[in-house]
Protein chains: 2
Amino acid sequence: MVQYYQGQFDSSFGALSDATRRGVLEQLAREDASITALAERFQMTLTGMKKHVGVLEQAGLVTTEKVGRVRTCKLGGRGLEEEAAWIERYRQLWSARFDELDAVVEELKRKEKKARSTNEK
Amino acid sequence: MVQYYQGQFDSSFGALSDATRRGVLEQLAREDASITALAERFQMTLTGMKKHVGVLEQAGLVTTEKVGRVRTCKLGGRGLEEEAAWIERYRQLWSARFDELDAVVEELKRKEKKARSTNEK
DNA sequence: CCTATACTGAACCACATGGTTCAGTACTAC
DNA sequence: GTAGTACTGAACCATGTGGTTCAGTATAGG
């Protein structure tokens, strides 16, 4: 089950690791766009933009459809649910880890206090 | 402000785009570990693992400290807060986009219904 | 039919990535 | 002091990435 998602996470996090692609996603969240429109907005050749769109498509984050000579790009069916869940789960482990440390610190404080009060006797 | 995070997102999402590194993070959430321990667990040379740890360190997700000959790796101070926030914001844009479509579909349905009832008259 | 537009694909480039081996260096323990 | 452990760094390798140019193909519009 965990294994199943591995490849998906590789490609989706990989897709998100580029500023241009994150920008394209945000742009497409506003409105669908052609390759030409995206290429202009991000100051890049058509070919370059097409590659980025390809990466996003592979990751399942974008779908495209060609009508006539125009290929229109839209947000894909996946909305980063699993990725959000992975990060959320990690954040829980992460904070549990720090709570644990906090507990240790608390424990030390308590011992210190006890020692001090013992000395004071 | 948005600009500020760009590089950080590049490196953190980049770090997350590799299954081994995600595994290391999960492992470190359980307990701190040496390079050797991690290398064994993920069946890799020390040098290879050290590179992965370096990437995670660069991304601010892991910190390391060398005591004697052993370098111990721990989870870093950052806990993917900004990344979670970015994804959450994107998911909102994403679902807003689909709600919009739903609205259009609803609109069409209403028109269709109206047209039908008009025909029926 | 002709021209401009929109994309596509192949080829190339420099540089990054994920891994390795090999030859150190530095510390631990007997 | 010597043997083994733990890491480190340089060098190498294959493959991937982010971009380009250039030469197409296919469609739209007059």
Side-chain angles (χ1 to χ4, degrees), chain A residues 3 5-28 31-74 76, chain B residues 3 5-28 31-74 76:
Chain A
Q3 200 64 18
Y5 288 124
Q6 294 295 1
Q8 187 153 79
F9 284 150
D10 283 8
S11 56
S12 54
F13 283 131
L16 293 181
S17 74
D18 181 273
T20 301
R21 285 192 296 261
R22 288 193 303 275
V24 168
L25 284 182
E26 297 193 4
Q27 184 58 31
L28 293 182
E31 51 176 346
D32 299 347
S34 66
I35 304 278
T36 300
L38 292 173
E40 268 168 19
R41 180 165 248 274
F42 294 92
Q43 301 189 86
M44 192 174 297
T45 58
L46 281 181
T47 315
M49 181 50 72
K50 210 199 160 217
K51 283 193 185 180
H52 281 304
V53 169
V55 171
L56 289 166
E57 225 175 337
Q58 285 279 112
L61 303 176
V62 161
T63 59
T64 71
E65 192 192 4
K66 192 164 185 178
V67 176
R69 20 170 211 191
V70 180
R71 177 172 299 277
T72 302
C73 311
K74 313 174 200 288
Chain B
Q3 198 64 18
Y5 288 124
Q6 294 295 0
Q8 187 154 81
F9 284 150
D10 284 8
S11 57
S12 54
F13 283 131
L16 293 181
S17 74
D18 180 275
T20 301
R21 284 192 296 260
R22 288 193 303 275
V24 168
L25 284 182
E26 297 192 4
Q27 184 57 29
L28 292 182
E31 51 175 347
D32 298 346
S34 67
I35 304 279
T36 300
L38 292 173
E40 268 168 18
R41 180 165 247 273
F42 294 93
Q43 302 188 86
M44 190 174 298
T45 58
L46 281 182
T47 314
M49 181 50 72
K50 213 203 157 216
K51 283 193 185 182
H52 281 305
V53 169
V55 171
L56 289 165
E57 225 175 338
Q58 285 279 111
L61 303 176
V62 162
T63 59
T64 70
E65 192 192 5
K66 192 164 184 179
V67 176
R69 16 171 216 192
V70 179
R71 178 173 297 278
T72 302
C73 311
K74 313 174 199 291

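Since the model is a prediction, treat every value here as computed from it, not as a measurement. Lettering of chains follows the sequences in order, A, B, ..., and the numbering in each one begins at 1.
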Can you list, pair by pair, the side-chain donor-acceptor contacts under 3.5 Å of residues 48-64 of chain B, counting residues two or more places apart and other chains?
residue, atom, partner, partner atom, Å
B:H52, ND1, B:R21, NH1, 3.2
B:E57, OE2, B:T64, OG1, 3.0
B:T64, OG1, B:R71, NH1, 2.9

Residue whose closest nucleotide on DNA chain C lies nearer the 5' end, A:I35 versus B:M49: A:I35
Given D:dT20, C:dT8, C:dT20, the nucleotide with the shortest approach to the side chain of B:M44: C:dT20
A:R22 vs B:D10 side-chain heavy atoms within contact, under 4.5 Å: yes
Spacing of B:L46 atom CG relative to D:dT5 atom P, expressed in whole Å: 12 Å
Separation between CG of A:L46 and CD of A:E40, rounded to the nearest 0.5 Å: 8.5 Å
Residue pair A:T20 / A:D18: nearest heavy atoms and the distance that separates them: N-OD1, 2.9 Å
Those residues of residues 52-62 of chain B lying under 4.0 Å from DNA chain D by at least one heavy atom: none
Euclidean distance, atom CZ of residue B:F13 to atom C1' of D:dT17 [Å, nearest integer]: 19 Å
Integer-rounded Å distance: C:dA6 C1' and A:E65 CD: 16 Å
5' precedence on DNA chain D between A:T20 and B:A37 (nearest-nucleotide basis): B:A37
Out of C:dT8, C:dA6, C:dG18, whichever nucleotide has its closest atom nearest the side chain of A:K66: C:dT8
Minimum-distance pair of heavy atoms, taken over all atoms of A:L28 and A:A33: CD2-N, 3.7 Å
Interatomic distance, A:Q43 CD vs D:dT20 C1' [rounded to whole Å]: 15 Å
Distance in angstrom units between A:D10 CG and D:dT17 P, rounded: 11 Å
Protein proximity profile, nucleotides 21-30 of chain D - base contact B, sugar-phosphate-only contact S, no contact -, cut-off 4.0 Å on heavy atoms: BB----BS--
Protein-nucleotide distance (A:K51, atom NZ; C:dC12, atom P), rounded to Å: 13 Å
Length of the line joining B:R71:CZ and C:dA26:P, which is rounded to integer Å: 14 Å
